[in-house]
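Here is the structure we will look at, set down as structure tokens.
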Amino acid sequence: MAHISIQNVSVDFPLYHAESRSLKKTLFAVASGRIKEDSHHRPVVEALRHVSIDLKSGDRLGLIGANGAGKTTLLRCMAGIYEPFSGDIATQGAVTALLDPGQGMNPELTGRENIMLRGLFNGLTPSQIAQLQADVATFSELSQFLELPVRTYSSGMVVRLGFALATAMKPQILLMDEWILAGDASFMTKARHRLETMVRGAEILVLSTHSPVIIMQWCNRVIWMDRGRVKADGTPEEILSAYLPPDQFSHAMAVAAVSV
């Protein structure tokens, strides 16, 4: 039985690294008053602050909030990419994280070699890896490009490969950022059915998105993140009605009802 327990988790990002991620975090932090000093008097961004969430099998959690609210940071903590500054995260069950189109891929290797590495990482047998390669090749429609290094791919091709790889194996816990819902229209039309099948098959879903319609269609619980904290936690209707302007909420409800 899948389970995620997040207890009083806080995450700080130091600001002394001259990286684009740090610059973005700095700008958001300055605007929201989330800069503090650590014990060594270094400036840090309070990316998450005292977050506690308990998820069990059957939960479909949507994360909403403004850019910089802490949604992606929380997802990366659940995936084990970020280590909390304080607090604990306990996960039971196999995790698939769709957080970055190129996640886990070596750009110097070919697409086919990256597929093989993913299979080996997941403990697949040679015959299962061959089946995985065939599935990803068919679904991504990259054909001969799979023999080229991933660094030569366009951004759209990386999304195709990353999506096909990430959705080829059934997860118990599925963590998704909103990039997975973007892409060229022809590909996403085909991809949506595969993604919805994956969402239905997962025991736990955690999805960060700005789309209220997707939240209403896929989630049975919503957490509103604000300045690194949980501002509200409840049903999609309860949280979205408070989060969205009335006209946007009514429109989203109508679209979601028609789409069901």
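Just so you know, these numbers come straight off a predicted model, no measurement behind them. The analysis underlying the following values was restricted to heavy atoms, covering all of them including side chains, and did not include hydrogens, waters or symmetry mates.
- At a threshold of 4.5 Å between non-hydrogen side-chain atoms, the residues Asp54 and Ile6 do not count as touching.
- To the nearest 0.5 Å, atoms CG (Leu124) and CE (Met116) are separated by 11.5 Å.
- Considering only heavy atoms from C-beta on, Ile204 stays 4.5 Å or farther from Leu174 through its side chain.
- Taking the six-membered ring where the residue is Trp, Phe13 and Tyr82 present perpendicular rings, their angle passing 60° and hence far from 30°.
- Checking Ser5 against Gln7 by side-chain atom types alone, a donor-acceptor pair falls below 3.5 Å.
- The two residues Ala79 and Leu99 have their closest heavy-atom pair at CB-CD1, 4.0 Å.
- Under the 4.0 Å criterion applied to side-chain N and carboxylate O atoms, Asp226 and Arg49 are not assigned as salt-bridge partners.
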Checklist entry - Between Leu61 and Cys219, does a side-chain contact (heavy atoms from CB on, under 4.5 Å) hold up when you go through it step by step? => result CA-CA 6 Å; Leu61 175 64; Cys219 301; over 6 Å; no
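- The 12-atom threshold is exceeded at OH of Tyr153, counting heavy atoms of other residues, nucleotides or ligands nearer than 6.0 Å.
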Next on the checklist: Under the criterion side-chain contact (heavy atoms from CB on, under 4.5 Å), I'd like the reasoning laid out for Ile53 against Leu74: C-alpha separation, chi angles, the key distance, then a yes or no.
Outcome noted: CA-CA 10 Å; Ile53 303 170; Leu74 180 56; 3.8 Å; yes
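- When all heavy atoms are compared, the tightest approach of Pro171 to Thr96 is CB-OG1, 3.2 Å.
- Between the side chains of Asp177 and Thr72, at least one donor N or O sits under 3.5 Å from an acceptor N or O.
- Looking only at side-chain heavy atoms (C-beta outward), Leu161 and Ile115 come within less than 4.5 Å of each other.
- When all heavy atoms of Glu203 and Ser57 are compared, the pair lying nearest together is OE1-OG, 3.3 Å.
- With a 4.5 Å cut-off between side-chain heavy atoms of Ile, Leu, Val, Met, Phe, Trp and Tyr, the cluster of Leu244 takes in Ile64, Ile215, Met216, Val222, Trp224, Ile239, Leu240, Tyr243, Phe249, Met253.
- A side-chain donor-acceptor contact under 3.5 Å links Ser127 and Thr125.
- Rounded to the nearest 0.5 Å, atoms CG (Leu142) and CG (Leu148) are 10.0 Å apart.
- Around atom NE2 of His50, more than 12 heavy atoms belonging to other residues, nucleotides or ligands sit under 6.0 Å away.
- A donor-acceptor distance shorter than 3.5 angstrom exists from the side chain of Glu113 to the backbone of Thr110, with no hydrogens or angles considered.
- A distance of 7.5 Å separates CG of Leu48 from OG of Ser10, quoted to the nearest 0.5 Å.
- Proximity of a side-chain donor or acceptor of Ser250 to a complementary backbone N or O of Asp247 within less than 3.5 Å is not detected.
- Minimum interatomic distance between Val51 and Gly228 (heavy atoms only, all atoms of both residues): CG2-O, 3.6 Å.
- Around atom CG of Asp233, more than 12 heavy atoms belonging to other residues, nucleotides or ligands sit under 6.0 Å away.
- Side-chain contact between Arg118 and Gln133 is absent, with no heavy atoms from C-beta onward closer than 4.5 Å.
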Checklist entry - Between Leu109 and Leu117, is a side-chain contact (heavy atoms from CB on, under 4.5 Å) present by the stated rule, with each step listed? => result CA-CA 10 Å; Leu109 300 181; Leu117 282 179; 3.2 Å; yes
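- Within the 4.5 Å cutoff, no side-chain heavy atoms of Asp88 are placed close to those of Val9.
- Heavy-atom neighbours of Glu83 CD from other residues, nucleotides or ligands within 6.0 Å: at or below the threshold of 12.
- Within the 3.5 Å criterion, the main-chain N or O of Asp135 finds no donor-acceptor partner in the side chain of Thr138.
- Taking each heavy atom of Arg60 and Arg200 in turn, the nearest pair found is NH2-O, 3.5 Å.
- Under a cut-off of 6.0 angstrom, the local environment of CD in Gln131 is sparse, with at most 12 non-hydrogen atoms contributed by other residues, nucleotides or ligands.
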Checklist entry - Which is it for Leu55 and His3 under the side-chain contact (heavy atoms from CB on, under 4.5 Å) test, yes or no, and what are the steps along the way? => result CA-CA 6 Å; Leu55 297 170; His3 182 240; 5.9 Å; no
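- Between the Glu46 side chain and the Asp12 main chain, no donor and acceptor come within less than 3.5 Å of each other.
- Between atom CG of residue Leu63 and atom CG of residue Leu207 there is a gap of 7.5 Å, rounded to the nearest 0.5 Å.
- Closest of all the heavy-atom pairs between Ala69 and Met225 is CB-O, 3.3 Å.
- Without hydrogens or angle criteria, Thr235 side chain to Arg221 main chain gives no donor-acceptor distance under 3.5 Å.
- In this structure, the separation between OG1 on Thr73 and CE on Met78 is 11.5 Å, given to the nearest 0.5 Å.
- Remark: side-chain polar atoms of Asn122 are not paired, donor with acceptor, to backbone N or O of Gly119 under 3.5 angstrom.
- To the nearest 0.5 Å, the span separating CZ on Arg160 from OG on Ser154 amounts to 8.5 Å.
- For the pair Phe139/Leu165, no side-chain contact is recorded, criterion being any heavy-atom separation below 4.5 Å from C-beta on.
- Using a 4.5 Å heavy-atom cutoff, the side chains of Val199 and Arg194 are not in contact.
- Contact check for Arg151 versus Glu108: side-chain heavy atoms found under the 4.5 Å cut-off.
- In this structure a side-chain-to-backbone donor-acceptor pair under 3.5 Å is missing from Glu147 to Arg112.
- Judged purely by atom type and a 3.5 angstrom limit, Lys71 uses its side chain to pair as donor or acceptor with the backbone of Gly65.
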